[in-house]
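Both ligands and their constituent atoms are indexed starting at 1 by order of listing. None of the values given here were measured: they were computed from a predicted structure.
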Amino acid sequence: MAILKTAKMGHPILRATAEPVGPDEIPEPGFQQLLDDMVETLRDYDGAGLAAPQIHEGVQVVAIEVRHNRRYPEAPTIPLTILINPKVTPLTDEQVAGWEGCLSVPDLRGLVPRHRAVEVEALGRNGKPIRFCAEGFFATVVQHEVDHLHGILFPDRMDDLRTLAFISEWERFWRTPAPTPCS
Ligand code: NI
């Protein structure tokens, strides 16, 4: 296992379209190692998700997981989800604006509109097809990560760049109070 170096905004790989993974490649040890390394990197950086171009690999793979996240303390838990060759279809025209950050756009947050619910089709790490619906924060993370496979970064999706903020200032002026936990 290895923690991989992340590409930062300005690196051309973040603006390239990632290649689909051939089904024959998925069981190969080198590819499975890449998946393990992506998960380790995601956890080490406290990300909610990581797309392969962010670790300088131009292939259509994303890893998503949220649990006790220091960068997103209010976020709901998302179990580890690996998506290979993902396709995202909006289930509603309704868009919800939420605050996003990105390991490739460090220290910044911005308000980004996303479809509230999406259908996701992909292959899992065992090569078997996966299909599910995601809503709310999970839907936002999926859309953010799949955008990375198409060379899109969250500032490209912002309606109003005036909400772009350094995290230090965002915490002072923009952060909403944590929701009261249900009991
Ligand atoms: Ni990102």
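Between the side chain of Q60 and the backbone N or O of A18 there is at least one donor-acceptor pair closer than 3.5 Å.
In the hydrophobic clustering of this structure, L42 groups with I3; members are Ile, Leu, Val, Met, Phe, Trp, Tyr whose side-chain heavy atoms approach within less than 4.5 Å, directly or through other members. Hydrophobic clustering (ILVMFWY, side-chain heavy atoms < 4.5 Å, transitive): L153 and L149 are in distinct clusters.
Around the Ni ion (ligand 1), protein N, O or S atoms at less than 2.8 Å number 3.
Residue I152 shares its hydrophobic cluster (ILVMFWY side chains chained together at separations under 4.5 Å) with no other residue.
Residues meeting the salt bridge (Lys or Arg N to Asp or Glu O under 4.0 Å) test with D160, sequence neighbours left out: R162.
Pairs of residues two or more places apart, or lying in two chains, that qualify as salt bridge (Lys or Arg N to Asp or Glu O under 4.0 Å) and include a residue from residues 88-97 are E94-R116.
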